[in-house]
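Remarks on the structure that follows.
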Amino acid sequence: MQDPLFFAFSIAILIFSVIAHELAHGYAADSLGDPTPRLAGRLSINPLVHIDLFGSILLPTASFLLGGVIFGWAKPVPYNPYNLKSRAGEAFVASAGILTNLALALFFGLLLRFFGDALSAPTVALATSVVFINCILAIFNSIPLPPLDGSKVLFSFLPFHLLEKTRALEAWGLPALLFVVFFLWPFLSPLVTSLSRLIIGA
C-alpha cells in the first residue's frame with residue numbers, strides 16, 4: 001500500500017508545479033501582447049482557477065495508485081496566437097512552461113546538491129520529489145504531440161500549408177495524452193530518472 005502522507009505531498013507538489021507551468025504560459029503570452037490570459041483571470045496564484053478535476057486530481061491519483069508515479073496537468077491557459085508579436089511567439093509561450101519546470105527542478109536539485117547534508121530527511125525527500133515531478137512535467141510536455149507544448153514549439157516553425165493540416169490532430173488531444181501516460185511511460189521513465197540524477201548529482 002502506498003504511503004498516504006507521501007501521496008498527499010506528491011499531489012501538492014504536482015499542483016504547485018502545474019500551476020507554475022500554466023502561469024508561465026500566461027505571463028509569456030501577456031508579455032508578447034496577448035491580454036487573453038489576464039482577461040480570463042488566469043494570471044492568478046489562486047489554485048482554484050487552474051485545477052482541472054481530471055488532470056489535477058483523478059489522473060494523478062490513478063497513476064500513483066497503479067504505478068507509484070504522479071502524472072497530471074492543470075487547465076490550459078487560453079491565449080490567442082494572433083495577438084502575439086511574432087509567429088515565433090507561440091513557441092516562446094509554449095516553451096515557457098517547460099522551462100519553468102526545468103527551473104524548479106534545477107533550483108531544488110542544486111539545493112540538494114550543495115546543502116543536502118544540512119537538511120532534514122523529510123526536507124530532502126520533499127525536494128527530491130519536486131525535482132522528479134518537474135522533470136516528468138518538462139519531458140512529458142516536450143513531446144511533439146498535440147496538445148503538448150512540444151507540438152506547439154514544432155508547429156510554430158512549420159510552413160502555413162502544413163500548419164493547417166496539424167490542427168486536425170488536436171481533436172485527439174485527450175486520447176493522445178492518455179496514450180503517453182499509460183503506454184509510453186516505460187520509455188520515458190529512464191530519461192526522467194537520468195535527468196533527475198544529473199540535476200541532483202546522485
Decide side chain to side chain contact (heavy atoms under 4.5 Å, CB included) for Ser17 and Ile13; before the verdict, give the C-alpha distance in whole Å, the side-chain angles of both, and the deciding distance to 0.1 Å. CA-CA 6 Å; Ser17 301; Ile13 292 168; 4.0 Å; yes
Given the rule in the side chain to side chain contact (heavy atoms under 4.5 Å, CB included) test, do Leu14 and Leu137 qualify, once you have shown the distances and angles that lead to the verdict? CA-CA 9 Å; Leu14 174 71; Leu137 292 173; 4.2 Å; yes
Apply the test side chain to side chain contact (heavy atoms under 4.5 Å, CB included) to residues Leu148 and Ser142: give CA-CA distance (whole Å), side-chain angles for both, the deciding distance (0.1 Å), then the verdict. CA-CA 7 Å; Leu148 298 175; Ser142 296; over 6 Å; no
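One hydrophobic cluster holds both Leu195 and Leu106 under the rule that ILVMFWY side chains link at heavy-atom gaps under 4.5 Å. If you chain together hydrophobic residues whose side chains sit under 4.5 Å apart, Ile98 and Ile19 fall into the same group. Follow the hydrophobic side-chain contacts under 4.5 Å out from Phe92 and you never reach Tyr82; the two are in separate clusters. Both Phe140 and Ile11 sit in one connected hydrophobic cluster of ILVMFWY residues. Membership requires side-chain heavy atoms under 4.5 Å apart, directly or through other members. Follow the hydrophobic side-chain contacts under 4.5 Å out from Val18 and you reach Leu102 in the same cluster.
At most 12 non-hydrogen atoms from other residues, nucleotides or ligands lie less than 6.0 angstrom from CZ of Arg197. Residue-environment remark: CG (Asn46) exceeds the threshold of 12 foreign heavy atoms within 6.0 Å.
Residues Val131 and Phe107 fail the side-chain proximity criterion, which asks for heavy atoms closer than 4.5 Å. Between Ile136 and Leu188, the closest side-chain pair of non-hydrogen atoms is not below 4.5 Å. Side-chain atoms of Phe108 and Leu126, non-hydrogen and from C-beta on, never get closer than 4.5 Å to each other. You'll find the side chain of Pro35 reaches within 4.5 Å of the side chain of Asn83, heavy atoms only. Within the 4.5 Å cutoff, side-chain heavy atoms of Lys75 are placed close to those of Arg42. Counting heavy atoms from C-beta on, the side chains of Glu90 and Leu84 come closer than 4.5 Å. A 4.5 Å side-chain heavy-atom check between Asp30 and Thr36 finds every atom pair outside the cut-off. Two residues are said to be in side-chain contact when any heavy atoms from C-beta on lie closer than 4.5 Å; Ser120 and Thr123 meet this criterion.
Using a 30° and 60° split on the angle between ring planes, Phe54 and Trp73 fall in the tilted class, from 30° to 60°.
Scanning both residues, Ala91 and Ser156, for their nearest heavy atoms gives CB-OG, 3.2 Å. The shortest heavy-atom contact between Pro78 and Pro37 is O-CG, 3.3 Å. Nearest heavy-atom pair, Ser44 versus Leu23, reported as atom, atom and distance to 0.1 Å: O-CD2, 3.4 Å. The heavy-atom pair separating Asp52 from Ala74 by the smallest distance is CB-C, 4.1 Å.
One N or O on the side chain of Arg113 and one on the backbone of Ile199 form a donor-acceptor pair closer than 3.5 Å. Ser189 places no side-chain N or O within donor-acceptor distance of the main-chain N or O of Pro186, the cut-off being under 3.5 Å. Remark: side-chain polar atoms of Ser151 are not paired, donor with acceptor, to backbone N or O of Pro147 under 3.5 angstrom.
Distance check: Ser196 OG to Ile139 CD1 gives 7.0 Å after rounding to the nearest 0.5 Å. Note that OG of Ser56 and CD of Glu22 are 9.0 Å apart. Values are rounded to the nearest 0.5 Å. With rounding to the nearest 0.5 angstrom, the CZ atom of Phe16 is 10.5 Å from the CD1 atom of Ile45. Atom NE2 of His25 is separated from atom CG of Asp34 by 13.5 Å, given to the nearest 0.5 angstrom. Atom NE2 of residue His50 and atom CD1 of residue Ile15 lie 12.0 Å apart, to the nearest 0.5 angstrom. A distance of 9.0 Å separates CG of Leu39 from CG of Leu43, quoted to the nearest 0.5 Å.
There is no side-chain donor-acceptor pair under 3.5 Å between His21 and Asn134.
Each of Leu110, Leu112, Leu111, Val124 was compared with Ile200 under the side-chain contact (heavy atoms from CB on, under 4.5 Å) criterion, and only Leu112 meets it.
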